[in-house]
Amino acid sequence: MSFVETEERRALRAAVSELGHKYGYAWFTEKARSGGQTTELWQEAGKLGYLGVNLPEEYGGGGGGMADLSIVLEELGAAGCPLLMMVVSPAICGTVISRFGTDGQKQRWLPGLADGSVTMAFAITEPDAGSNSHNITTTARRTDDGWSLSGRKVYISGLDVAQAVLVVGRTEDAKTGRLKPALFIVPVDAPGVEFRQIEMDLISPDKQFSLFLDDVTLPAEALVGSEDAALLQLFAGLNPERIMASAFAIGIGRHALGKAVAYVKDRQVWKTPIGAHQGISHPLAQVKIELELARLMMQKAAALYDAGEDLAAGEAANMAKYAAGEACVRSTDQAVQSLGGNGMTVEYGVASLVAAARATRIAPVSREMILNFVAQHSLGLPKSY
């Protein structure tokens with residue numbers, strides 16, 4: 001791993017930043033407040049090859065890895081328009097299908113995921129399972145020509161814009177004991193599929209849903225990979241999820257910090273701009289340091305994952321997600337504080353970032369569960385749950 005980005009990655013970062021600023025935070029929040037969607041940006045990013053930069057070239061992708069895809073999401077976030085479904089569609093679903101899908105599944109789904117013409121959601125969380133994925137009850141029952149899938153999922157992002165959802169369940173003969181996940185591609189318009197929007201107190205164009213699966217009939221080829229692959233296939237998607245969640249948080253944090261710095265450079269109520277006062281400058285400098293540290297851990301996690309070091313990548317991805325969420329929350333909070341009363345106005349567009357930032361400490365995995373992971377797996381302490 002080099003601390004100097006390649007010329008190609010610097011060019012990618014610059015090009016994505018230019019695209020993001022073409023739309024910007026005002027456009028993004030207008031879509032969110034009006035109940036609209038970010039389809040225009042999503043489609044343009046797809047046509048330019050940014051959404052599928054991590055997917056294999058033979059299926060229309062860029063042939064890169066998570067390091068490249070994380071750059072795309074971070075720069076869009078820093079420009080004020082983070083695309084949450086990038087965490088899900090190309091990162092989780094695209095990666096799982098690339099690594100474990102059949103040739104038919106790859107040909108059917110990857111080109112669309114790469115160019116943005118297809119969006120795929122991901123469903124793992126259940127009302128009675130929460131962070132304990134071993135309690136998943138969504139069950140697949142074998143039929144003569146495929147599967148029948150039943151269960152309920154909650155807090156599933158983007159079902160309103162998705163054509164399919166990658167569902168994590170378990171087979172009928174694996175209901176008890178440790179989780180042996182089985183992953184299924186389910187069209188959102190299949191009979192027996194229903195989803196209802198969850199009203200969230202967030203200013204975001206990305207909506208959350210409850211998903212209901214009532215004896216959904218699926219062909220045999222809906223199963224991705226092996227039904228006996230245990231956790232390997234699941235974490236092939238969850239590690240990219242954590243890396244991309246870090247990029248999402250770092251991008252928002254950078255956007256908030258940029259707004260705060262621009263404001264305190266110009267705001268003058270005494271003899272000098274308020275940014276000259278250490279009570280303002282030091283907290284912002286601390287935010288800058290914390291964001292850079294979080295980015296370094298994210299880059300380490302991405303490098304390990306792209307090198308095939310799944311176990312080491314899991315530890316680093318969790319640490320990156322923790323650091324990025326903490327830095328993002330601190331950045332948005334300090335931005336509001338730096339702007340004072342103006343930080344609470346719609347005009348300056350800072351307060352609306354706070355709830356989104358706070359969510360990065362909760363989803364897709366909470367800071368507490370990450371601390372549990374590090375305590376147990378990195379420090380070797382007894383399991384607490």
Side-chain angles (χ1 to χ4, degrees), residues 84-85 87-89 91-93 96 119-141 147-162 164-202 204 206-218 222-224 227 230-231 233-235 237-238 241-242 245 248 318 321 325 355-356 358-373 383-385:
L84 177 62
M85 290 306 290
V87 179
V88 180
S89 193
I92 302 176
C93 302
V96 169
T119 302
M120 189 176 290
F122 178 69
I124 182 171
T125 305
E126 295 186 2
D128 297 323
S131 296
N132 186 2
S133 297
H134 293 285
N135 281 352
I136 284 177
T137 60
T138 295
T139 304
R141 176 176 54 83
W147 301 89
S148 177
L149 188 64
S150 294
R152 181 185 174 192
K153 301 291 185 178
V154 69
Y155 296 117
I156 309 306
S157 302
L159 287 173
D160 57 330
V161 297
V165 53
L166 184 63
V167 176
V168 181
R170 59 172 78 228
T171 54
E172 190 174 33
D173 57 357
K175 289 184 179 179
T176 59
R178 295 191 62 79
L179 175 65
K180 288 178 61 178
L183 281 65
F184 297 88
I185 299 175
V186 181
V188 297
D189 59 355
V193 175
E194 181 184 356
F195 53 91
R196 301 172 190 165
Q197 185 175 339
I198 302 170
E199 292 299 326
M200 306 293 290
D201 228 357
L202 292 168
S204 171
D206 300 294
K207 301 173 182 63
Q208 302 296 314
F209 296 87
S210 292
L211 173 65
F212 303 89
L213 305 162
D214 185 12
D215 286 326
V216 180
T217 300
L218 299 171
L223 176 69
V224 180
E227 62 182 284
L231 294 172
Q233 293 176 173
L234 180 57
F235 280 97
L238 294 187
E241 177 188 51
R242 283 150 176 69
F248 184 86
N318 275 288
K321 195 274 172 185
R358 190 65 180 76
T360 67
R361 297 177 88 205
I362 299 169
V365 58
S366 70
R367 64 189 299 276
E368 289 75 20
M369 288 305 296
I370 292 176
L371 292 173
N372 282 335
F373 176 93
K383 191 173 182 179
S384 63
Y385 58 94

Engineer: Would you check, one step at a time, whether the test side-chain contact (heavy atoms from CB on, under 4.5 Å) holds for L183 with L223?
Structural biologist: CA-CA 6 Å; L183 281 65; L223 176 69; 5.8 Å; no
Engineer: Do the non-hydrogen side-chain atoms of L149 and T139 ever get within less than 4.5 Å of each other?
Structural biologist: no
Engineer: Do side-chain atoms of R152 reach the backbone of P127 as a donor and acceptor pair under 3.5 angstrom?
Structural biologist: no
Engineer: Taking C-beta and beyond as the side chain, do R141 and D215 meet within less than 4.5 Å on heavy atoms?
Structural biologist: yes
Engineer: Which residues pass the side-chain hydrogen bond (donor to acceptor under 3.5 Å, both in side chains) test with N372, not counting sequence neighbours?
Structural biologist: S384
Engineer: Quick one: closest heavy-atom pair of A162 and V188, and the distance?
Structural biologist: O-CG2, 3.2 Å
Engineer: Using a 4.5 Å cut-off on heavy atoms from C-beta on, say whether the side chain of I185 contacts that of M120.
Structural biologist: yes
Engineer: Test side-chain contact (heavy atoms from CB on, under 4.5 Å) on E368 and Y385; report intermediate values, then the result.
Structural biologist: CA-CA 12 Å; E368 289 75 20; Y385 58 94; over 6 Å; no
Engineer: Search all heavy atoms of I156 against all heavy atoms of A123 and return the closest pair with its distance.
Structural biologist: CD1-CA, 3.6 Å
Engineer: Would you check if T138 and V168 make a side-chain contact, meaning some heavy-atom pair closer than 4.5 Å?
Structural biologist: no
Engineer: Output the distance between atom CD (Q208) and atom CZ (F195), rounded to the nearest 0.5 Å.
Structural biologist: 13.0 Å
Engineer: Return the NZ to OG distance between K207 and S157, rounded to the nearest 0.5 Å.
Structural biologist: 11.5 Å
Engineer: Taking CG in D189 as the centre, count heavy atoms belonging to other residues, nucleotides or ligands within less than 6.0 Å. Is the count above 12?
Structural biologist: yes
Engineer: Could you tell me the separation between the OG1 atom of T360 and the CZ atom of R367, rounded to the nearest 0.5 Å?
Structural biologist: 11.0 Å
Engineer: Look up atom CD in Q233 and atom CD in E227, then write down how far apart they are to the nearest 0.5 Å.
Structural biologist: 10.5 Å
Engineer: Atom CD1 in I198, atom CG in L211: separation rounded to 0.5 Å?
Structural biologist: 10.0 Å
Engineer: Tell me whether S210 contacts the main-chain N or O of V154 through its side chain, where contact means a donor paired with an acceptor under 3.5 Å.
Structural biologist: no
Engineer: What's the verdict on side-chain contact (heavy atoms from CB on, under 4.5 Å) for F122 and L238, showing C-alpha distance, side-chain angles and the deciding distance?
Structural biologist: CA-CA 10 Å; F122 178 69; L238 294 187; 4.0 Å; yes
Engineer: Heavy atoms only: give me the nearest T171-A182 pair and the separation to one decimal.
Structural biologist: CG2-CB, 4.1 Å
Engineer: The criterion is salt bridge (charged side-chain N to carboxylate O under 4.0 Å, His left out); which residues satisfy it with E126, sequence neighbours excluded?
Structural biologist: K153
Engineer: Search all heavy atoms of V87 against all heavy atoms of A91 and return the closest pair with its distance.
Structural biologist: O-CB, 3.2 Å
Engineer: Could you pull out the closest heavy-atom pair between G237 and I92, with the gap in Å?
Structural biologist: O-CG1, 3.6 Å
Engineer: Is it true that a side-chain atom of K321 and a backbone atom of V365 form a donor plus acceptor pair closer than 3.5 Å?
Structural biologist: yes
Engineer: Between L234 and I124, is there a side-chain heavy-atom distance shorter than 4.5 Å?
Structural biologist: yes
Engineer: Over all heavy atoms of both residues, which pair between A356 and L202 is shortest? Give the atoms and the distance, please.
Structural biologist: N-CD2, 3.9 Å
Engineer: Side-chain contact, heavy-atom cut-off 4.5 Å: N135 with D128?
Structural biologist: no
Engineer: Could you check if a side-chain atom of Y155 sits within less than 4.5 angstrom of a side-chain atom of M200, using non-hydrogen atoms only?
Structural biologist: yes
